[in-house]
A.B. asks: 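One structure coming up, written as structure tokens, with questions to follow.
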Amino acid sequence: RIHQLLSSHGRSNWFRASEFRGRIDEVLLFRPFTVHEVDAAVVTFLQEHCTSVGQDKSMMQPRIQWTERFVQLFRAAYEQHSDEGLRRVYSKVSETVRENLMDA
């Protein structure tokens with residue numbers, strides 16, 4: 001439906017990848033995060049989840065703790081997909097905290 005609407009306004013090639021590529025005029029390259037930066041980010045993500053869980057009045061105020069090994073697991077996830085930045089790590093941390101809270 002959207003494609004038909006755009007076609008009726010003379011934009012039949014709107015969804016073609018070549019048009020998108022033609023509009024990219026600059027590419028920024030980022031250096032990979034260091035081990036210490038990834039570890040610090042993981043700890044920050046975990047602390048954020050602790051804070052949000054602690055503010056949730058429907059929760060029984062669980063105590064969330066983690067070990068260095070836990071942080072290392074998330075570092076390994078980053079190393080496998082470093083091209084995605086920390087986005088995947090944040091998602092994995094969120095998913096893991098939710099799963100562990102549900103199991104508690």
Side-chain angles (χ1 to χ4, degrees):
R1 174 133 168 82
I2 292 173
H3 186 66
Q4 290 172 344
L5 181 64
L6 291 172
S7 294
S8 68
H9 286 75
R11 297 303 309 242
S12 61
N13 65 344
W14 181 261
F15 292 106
R16 290 189 186 154
S18 61
E19 174 150 341
F20 177 71
R21 281 186 296 224
R23 294 182 183 270
I24 296 176
D25 59 359
E26 190 172 342
V27 176
L28 298 175
L29 299 176
F30 294 92
R31 67 175 176 76
F33 290 103
T34 66
V35 169
H36 299 293
E37 290 169 329
V38 173
D39 289 356
V42 169
V43 170
T44 299
F45 298 156
L46 289 165
Q47 288 170 340
E48 287 174 2
H49 283 292
C50 288
T51 301
S52 66
V53 167
Q55 292 173 350
D56 187 349
K57 301 301 180 199
S58 67
M59 300 290 289
M60 294 178 47
Q61 307 305 315
R63 185 172 166 205
I64 300 174
Q65 294 180 313
W66 55 88
T67 64
E68 177 62 26
R69 177 72 182 126
F70 197 64
V71 174
Q72 289 171 357
L73 290 172
F74 290 113
R75 182 189 323 137
Y78 168 77
E79 290 168 351
Q80 290 176 350
H81 301 280
S82 62
D83 58 322
E84 296 181 23
L86 292 171
R87 200 174 356 191
R88 181 181 289 256
V89 174
Y90 182 81
S91 297
K92 286 285 193 188
V93 168
S94 299
E95 179 183 315
T96 303
V97 169
R98 270 194 314 271
E99 287 174 355
N100 282 294
L101 286 174
M102 294 298 193
D103 291 342

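No hydrogens, no waters, no symmetry mates; every other heavy atom, side chains included, goes into these values. The first residue in the sequence is number 1, and the count goes up from there.
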A.B. asks: Looking at R31 and E37, is there a salt bridge between them, counting it only when a charged N and a carboxylate O are closer than 4.0 Å?
C.D. replies: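 Result for this pair is yes, salt bridge flagged.
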A.B. asks: Can you tell me how far apart CG (L86) and CZ (F33) are? Round to the nearest 0.5 Å.
C.D. replies: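 Answer for the CG-CZ pair, L86 versus F33, is 4.0 Å.
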A.B. asks: Output yes when R88 and E95 qualify as a salt bridge under the 4.0 Å nitrogen-oxygen rule, no when they do not.
C.D. replies: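 No salt bridge links R88 with E95.
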A.B. asks: At what distance, to the nearest 0.5 angstrom, does OH of Y78 lie from CG of D83?
C.D. replies: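 With rounding to 0.5 Å, OH (Y78) is 9.0 Å from CG (D83).
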A.B. asks: Between atom CG of L73 and atom NZ of K92, what is the distance when rounded to the nearest 0.5 Å?
C.D. replies: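 The NZ atom of K92 is 11.0 Å from CG of L73, to the nearest 0.5 Å.
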A.B. asks: Can you check whether F70 and F74 have ring centres sitting under 6.0 Å from each other?
C.D. replies: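 Centroid distance F70-F74: below 6.0 Å, so yes.
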A.B. asks: Are V42 and W66 close enough that some pair of their side-chain heavy atoms sits under 4.5 Å apart?
C.D. replies: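 Answer no - side chains too far apart.
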A.B. asks: How far does CD of E79 sit from CZ of R75, to the nearest 0.5 angstrom?
C.D. replies: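 Interatomic distance, E79 CD to R75 CZ, rounded to 0.5 Å: 6.5 Å.
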